[in-house]
Trainee: 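The structure under discussion is supplied below as structure tokens; questions concerning it will follow.
When a ligand or atom number is given, it counts from 1 through the structure's own listing order. Side chains are part of it too, since the values below use all heavy atoms of this structure and drop only hydrogens, waters and symmetry mates.
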Amino acid sequence: MKFGGTNMGDAAAIRHSAYLSQRSSKEGVKVVVVVSAMAGVTNQLLGIAEAAEKGDIALANDQIAGLRTRHFTAAQDLGAAPDSGVVREIRELLETLRQAVYGVYLLRELTPRSRDLIVAFGERLSAPLMALGLSSLGARAHHLTGGQAGIVTDSHFGSARPLSTAAGRIRDRLSGLLDAGLTPVIAGFMGETEKGAITTLGRGGTDFSATIVGAALHADEVWAWKDVDGVMSADPRSVMGAQNIAQLSYGEVMELAYFGAKVLHPLAVTPLQEAGIPLRVKSAADPDFAGTLVTSEAQTDGQHPVKAVTAIRGVSIINVSGAGILGVPDVVADLFAALARENITLLMVSQSSSMSNVSLVILGSDEEHTLAALTPPMGGRHLQVDVQRGVAVLAIVGAGMRGTKGVSAKLFSALANADINILMISQGSSELNISVAIEGADVEHATRTVHSAFGLDAEPVTDKPVTDTR
Ligand SMILES: Nc1ncnc2c1ncn2[C@@H]1O[C@H](COP(=O)(O)OP(=O)(O)O)[C@@H](O)[C@H]1O
Ligand SMILES: N[C@@H](CC(=O)OP(=O)(O)O)C(=O)O
């Protein structure tokens with residue numbers, strides 16, 4: 001079971017999350033709990049690291065003091081005495097954090113490795129709180145860092161991936177605890193290299209931690225508890241009429257996450273695919289509602305080829321052109337090799353058939369790296385590179401699109417009727433998604449328009465029972 005930042009937000013939320021875990025334990029289910037940092041803490045830690053790098057140690061220390069108050073208050077509210085082991089552990093963790101941040105301040109250098117060390121403190125601090133919440137409900141819990149739980153990773157700091165040896169190590173580390181009737185509580189988002197350096201799995205990575213652990217243990221199911229009903233037809237913060245999707249395939253979820261649906265980490269389902277372990281995305285506020293079940297099956301009803309609309313904001317189009325590129329395949333090969341070396345995520349690619357122009361859509365945060373990668377000559381020629389910023393990618397996703405005619409026509413006419421210009425178009429041959437690049441300013445309007453054009457708005461009256469057991 002994975003609990004995200006909102007479900008770890010304060011003592012009341014942690015107590016409720018612990019109750020959800022215990023509810024299953026009492027039914028005889030062996031539960032492993034994986035937790036995120038308290039809501040907002042990861043961003044705060046990133047801010048602390050950046051303040052130290054810029055030389056503002058006073059601001060960094062103020063923020064660390066704020067973290068101390070927040071975690072001590074939660075521990076106290078969960079019943080910890082001031083001289084208890086948990087309070088001592090939180091104090092020691094915050095002291096180590098302070099030292100790491102001071103190191104960044106002295107060096108005025110924030111490497112990806114030191115950033116990972118600093119941001120992983122959020123989960124290291126929240127795991128003892130969840131163990132406390134479980135103990136207060138009568139469970140025997142034992143908390144571990146990602147590394148202690150056996151999540152050994154490569155050294156791609158900021159977006160580390162588990163090594164093939166992780167599964168065996170996770171089993172070794174957790175089976176004994178489970179056999180002894182303890183509930184392991186694992187700090188999500190983080191792992192460790194073979195040499196013991198702390199890594200993180202990318203933003204939203206606790207979902208991924210949970211599925212890595214679930215797959216390693218051959219779990220019957222992995223449950224991700226959220227502050228939404230499940231995976232929905234659009235981000236409910238943007239689209240009022242977004243509705244829960246009862247069933248999705250691994251492939252559909254991956255497309256949704258890749259194209260910006262923040263509800264799951266883009267790689268979260270990958271560890272589950274081989275063994276076909278189901279993932280349930282469930283609402284902590286409404287635990288008896290089924291939420292979304294993710295399996296290898298894609299269900300299509302014939303009426304809704306498109307199941308969801310999603311968008312990535314803050315992307316840039318990089319236009320590579322010039323006489324140098326005309327008719328020279330080597331240039332294009334060099335160009336992609338250069339981007340691969342820099343680990344650039346390509347959201348969309350389009351090449352004009354005359355081969356005189358290649359357009360790439362990348363995350364705004366990758367722009368600097370991309371431009372640097374494209375500066376040296378490609379295939380012996382210098383290229384002209386132009387950037388268009390402030391773009392968004394909107395994607396429609398659904399296995400029912402495969403072989404269904406008229407889906408792209410509906411998408412384009414909905415956008416045209418809403419007076420929205422399309423800058424680029426892409427449809428994968430899997431026909432699981434169609435994506436378009438549009439002006440960033442149009443993205444909210446476009447999402448709502450497309451959601452409604454594909455009949456995804458919820459009926460005005462819902463018969464879903466609402467039972468908030470918190
Ligand atoms: N298609 C979608 N379905 C559900 N939630 C979505 C979707 N797209 C974006 N979201 C956002 O994802 C959030 C839940 O993800 P996240 O905050 O990472 O959860 P947690 O921290 O609880 O794991 C929701 O609050 C919602 O605004
Ligand atoms: N705390 C990390 C990892 C994570 O998964 O968080 P959440 O479950 O709150 O999205 C982050 O903010 O990226």
Trainee: Can you find a protein heavy atom under 4.0 Å from atom 21 (O) of ligand 1?
Mentor: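 Under the 4.0 Å cut-off, atom 21 (O) of ligand 1 does have protein heavy-atom neighbours.
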Trainee: Using distance alone, decide if ligand 2 has a nitrogen or oxygen within less than 3.5 Å of any nitrogen or oxygen in Gly204.
Mentor: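 Yes; the residue has a nitrogen or oxygen that sits under 3.5 Å from a nitrogen or oxygen of the ligand.
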Trainee: Taking a cutoff of less than 4.0 Å between a non-hydrogen atom of the residue and any ligand atom, is Ala234 in contact with ligand 1?
Mentor: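 Contact present.
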Trainee: Have Asn7 and His16 got a donor and an acceptor in their side chains that come within less than 3.5 Å?
Mentor: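 No, no side-chain donor-acceptor contact under 3.5 Å.
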Trainee: Any idea which part of Ser233 is under 4.0 Å from ligand 1, heavy-atom wise: side chain, backbone, both or neither?
Mentor: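 Within the 4.0 Å criterion, Ser233 makes no contact with ligand 1.
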Trainee: I need the contact type for Asp235 against ligand 1. Using non-hydrogen atoms and a strict under-4.0 Å cut-off, is it side chain, backbone, both or neither?
Mentor: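 The part of Asp235 near ligand 1 is both the backbone and the side chain.
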Trainee: Does a side-chain heavy-atom distance below 4.5 Å link Val361 with Ile312?
Mentor: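 Val361 vs Ile312: side chains apart.
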Trainee: Can you check whether Asp207 has an N/O within less than 3.5 Å of an N/O in ligand 2?
Mentor: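 No, Asp207 has no N/O under 3.5 Å of an N/O on ligand 2.
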Trainee: Pick one of side chain, backbone, both or neither for how Lys2 approaches ligand 2, counting any non-hydrogen atom pair under 4.0 Å.
Mentor: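 It is the side chain that touches ligand 2; the backbone stays farther off.
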Trainee: Do Phe189 and ligand 2 have an N or O pair less than 3.5 Å apart?
Mentor: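 No, since none of the N or O atoms of Phe189 sits under 3.5 Å from an N or O of ligand 2.
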Trainee: Does ligand 2 have a heavy atom under 4.0 Å from the side chain of Thr42, from its backbone, from both, or from neither?
Mentor: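 Side chain only.
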Trainee: For Gly188 and ligand 2, answer yes if some heavy atom of the residue is under 4.0 Å from a ligand atom, otherwise no.
Mentor: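 Per 4.0 Å heavy-atom rule, Gly188 does not contact ligand 2.
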Trainee: Is there a polar contact between ligand 2 and Glu123, counting only N or O atoms under 3.5 Å apart?
Mentor: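 Yes; the residue has a nitrogen or oxygen that sits under 3.5 Å from a nitrogen or oxygen of the ligand.
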Trainee: Can Gly230 be said to touch ligand 1, with heavy atoms closer than 4.0 Å?
Mentor: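 Gly230 counts as a contact of ligand 1 under the 4.0 Å cut-off.
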Trainee: Give a yes/no verdict on whether any heavy atom in Ser36 is under 4.0 Å from an atom of ligand 1.
Mentor: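 Not so, Ser36 does not reach ligand 1.
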